[in-house]
S.K.: 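Quick one: this structure, given as structure tokens, is what I'll be asking you about.
Keep in mind the model is a prediction, meaning the values are calculated, not measured. When reading the values below, keep in mind they use all heavy atoms of this one structure, side chains included, and skip hydrogens, waters and symmetry mates.
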Amino acid sequence: MSEASQAETFVFLDLEATGLPDVDPEIAEISLFAIHRSSLKHPERDEAGVPVLPRVLDKLTLCMSPTRPFTAKASEITGLSAEGLAQCRKAGFDGNVARTLRAFLGRQAGPLCLVAHNGFDYDFPLLRTELQRQGAHLPPDTVCLDTLPALRGLDRAHGHATRAQGRRSYSLGSLFRRYFQAEPRAAHSAEGDVHTLLLVFLHRAAELLAWADEQARRWAHIAPMYNPPAAPGLEA
DNA sequence: TGCCAGGCCCTCTTTAGGGCCTT
């Protein structure tokens with residue numbers, strides 16, 4: 001990214017869905033935390049050295065009923081099921097969800113940078129699929145940061161040789177445990193994982209902000225995970 | 001029929017294989 005197009009707001013997000021990409025999953029829960037760049041630059045830390053979440057923080061978390069069942073593994077780790085969501089009378093990822101997302105993002109100062117862990121391979125393509133299903137779009141200057149390749153790349157650049165330390169895991173939970181010697185809370189709820197992601201980001205905020213400025217990808221260049229059939233009422 | 005993501009990264013590599021990472 002050029003200096004002129006530096007992201008002003010970072011939107012940390014996580015999806016819970018019906019499975020992995022091989023089953024053409026649908027989103028069942030989405031959580032987004034929007035934080036202005038100024039609140040990320042110099043994060044405060046508590047007495048244990050763990051970053052404290054910025055006080056000025058917009059949150060949005062939504063559950064929705066998928067049209068297809070969860071894989072057994074997805075249901076096991078998320079605690080969600082199509083039956084449970086339907087019983088709570090949650091609508092699917094419909095036009096209302098798309099408009100709510102747009103409204104949430106629209107009230108943040110742009111340009112926006114979406115942040116997700118393994119986002120390039122999972123969250124961003126799946127979100128694009130669901131938005132495409134609704135004929136919805138994000139602000140055209142939106143960019144994306146994936147903390148998985150970013151943190152691997154930063155460690156490589158800093159000479160944290162994996163050979164010397166053994167192959168280190170870069171799963172979100174492993175990063176949290178490595179940085180803070182504690183268990184992440186509420187793993188595999190969308191909001192819990194965004195909370196974990198944000199603390200991991202804050203631990204290395206200066207480096208990741210610089211990485212985002214240089215290497216964030218344009219949302220327009222994110223391909224959908226799969227091409228969904230058009231939603232009812234959106235057929236040509 | 002039988003299979004089923006896939007890009008990235010590491011190493012017992014490079015004429016390849018296997019595991020990670022997301023649900």
S.K.: Is the distance from the ring center of A:F176 to that of A:H203 below 6.0 Å?
M.R.: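 They do not qualify: ring centres at least 6.0 Å apart.
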S.K.: Within the side chain of A:R128, is there an N or O that forms a donor-acceptor pair under 3.5 Å with the backbone of A:A223?
M.R.: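 No, because the side chain of A:R128 does not come within donor-acceptor range (under 3.5 Å) of the backbone of A:A223.
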S.K.: Should A:S169 be listed as having a side-chain N or O under 4.0 Å from OP1 or OP2 of B:dC21?
M.R.: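 Yes, within the criterion.
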S.K.: Report yes if at least one side-chain N or O of A:H117 is closer than 4.0 Å to OP1 or OP2 of B:dC21; otherwise report no.
M.R.: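 A:H117 to B:dC21 OP1/OP2: no side-chain N or O under 4.0 Å.
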S.K.: Output the rounded distance in Å from CG (A:L151) to C1' (B:dT22).
M.R.: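 Computing the A:L151:CG to B:dT22:C1' distance gives 15 Å.
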S.K.: With a 3.5 Å cut-off and sequence neighbours excluded, list the donor-acceptor pairs that the side chains of residues 92-102 of chain A form with protein atoms.
M.R.:
residue, atom, partner, partner atom, Å
A:D94, OD1, A:N96, N, 3.1
A:D94, OD1, A:V97, N, 3.0
A:N96, OD1, A:R99, NH2, 2.8
A:T100, OG1, A:N96, O, 2.7
A:R102, NH1, A:H137, O, 2.6

S.K.: Checking side chain to side chain contact (heavy atoms under 4.5 Å, CB included) between A:L40 and each of A:L198, A:L208, A:V115, which is the one that passes?
M.R.: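 It is A:L198; the other options fail the test.
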S.K.: Restricting to non-hydrogen atoms, name the atom on A:P51 and the atom on A:F180 that form the minimum distance, rounded to 0.1 Å.
M.R.: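 In terms of heavy atoms, the two residues are closest at CD-CE2, 3.3 Å.
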S.K.: To the nearest Å, how far apart are A:R168 CZ and B:dT11 P?
M.R.: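 My rounded result for the distance is 12 Å.
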S.K.: A:D193 near the nucleic acid: base, sugar-phosphate alone, or nothing, with a heavy-atom cut-off under 4.0 Å?
M.R.: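 Answer is sugar-phosphate: A:D193 comes under 4.0 Å of backbone atoms only.
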S.K.: So A:L126, base contact, sugar-phosphate only, or nothing? Heavy-atom distance under 4.0 Å.
M.R.: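 Answer is nothing: A:L126 stays at 4.0 Å or more from every strand.
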S.K.: Any N/O pairs under 3.5 Å between the protein and nucleotides 2-8 of chain B? List them or say none.
M.R.:
none

S.K.: Under the salt bridge (Lys or Arg N to Asp or Glu O under 4.0 Å) definition, can you give me all pairs with a residue in residues 35-44 of chain A, not counting sequence neighbours?
M.R.: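 Passing the test, one end in residues 35-44 of chain A: A:R37-A:D213.
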S.K.: May I have the distance from A:I30 (atom CD1) to B:dT22 (atom P), rounded to whole angstrom?
M.R.: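 A:I30 atom CD1 is separated from B:dT22 atom P by 17 Å.
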S.K.: Could you give the CG-to-C1' distance, from A:L175 to B:dC20, as a whole number of Å?
M.R.: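 So the CG-C1' distance, A:L175 to B:dC20, works out to 12 Å.
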S.K.: In whole Å, I'd like the distance from the CD atom of A:E16 to the C1' atom of B:dT22.
M.R.: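 Taking atom C1' of B:dT22 as the reference, CD of A:E16 is at 10 Å.
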S.K.: Say you pick atom P in B:dC4 and the same atom in B:dG18; how far apart are they, in whole Å?
M.R.: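 Rounded to whole Å, the distance is 14 Å.
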S.K.: Answer yes when A:D155 and A:R168 have at least one side-chain N-carboxylate O distance shorter than 4.0 Å, and no when they do not.
M.R.: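 Counted as a salt bridge, because a side-chain N and a carboxylate O are separated by less than 4.0 Å.
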S.K.: More 5' along DNA chain B: A:G153 or A:I77, using each one's nearest nucleotide?
M.R.: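 Of the two residues, A:G153 wins.
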S.K.: Determine yes or no for a side-chain-to-main-chain donor-acceptor pair under 3.5 angstrom, with A:D193 supplying the side chain and A:A187 the backbone.
M.R.: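 It does not hold such a pair.
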S.K.: Roughly how far apart, to the nearest Å, are B:dG17 and B:dT13 at atom C1'?
M.R.: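 Rounded to whole Å, the distance is 9 Å.
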S.K.: In whole angstrom, give me the gap between the C1' atoms of B:dG2 and B:dC20.
M.R.: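 After rounding to an integer number of Å, I get 26 Å for this pair.
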S.K.: Using whole Å, what does the distance between atom P of nucleotide B:dC21 and atom CG of A:L197 come to?
M.R.: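 Roughly 15 Å, once rounded to whole Å.
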S.K.: In whole angstrom, what separates A:D146's CG from B:dC20's C1'?
M.R.: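 Value for this atom pair: 13 Å.
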S.K.: For B:dT14 versus B:dC10, give the span between their C1' atoms, rounded off to a whole number of Å.
M.R.: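 The same atom, C1', in both gives a distance of 13 Å.
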S.K.: For B:dC8 and B:dC12, measure between their P atoms and round to the nearest Å.
M.R.: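 Approximately 23 Å lies between the P atom of B:dC8 and that of B:dC12.
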S.K.: Just how far, in rounded Å, is C1' of B:dC20 from CZ of A:F120?
M.R.: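 From A:F120 CZ to B:dC20 C1': 17 Å.
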S.K.: Need one value for A:D14: base, sugar-phosphate or nothing, where a base atom within 4.0 Å counts as base even if backbone is also close, heavy atoms only.
M.R.: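 Here A:D14 touches the backbone only, sparing every base.
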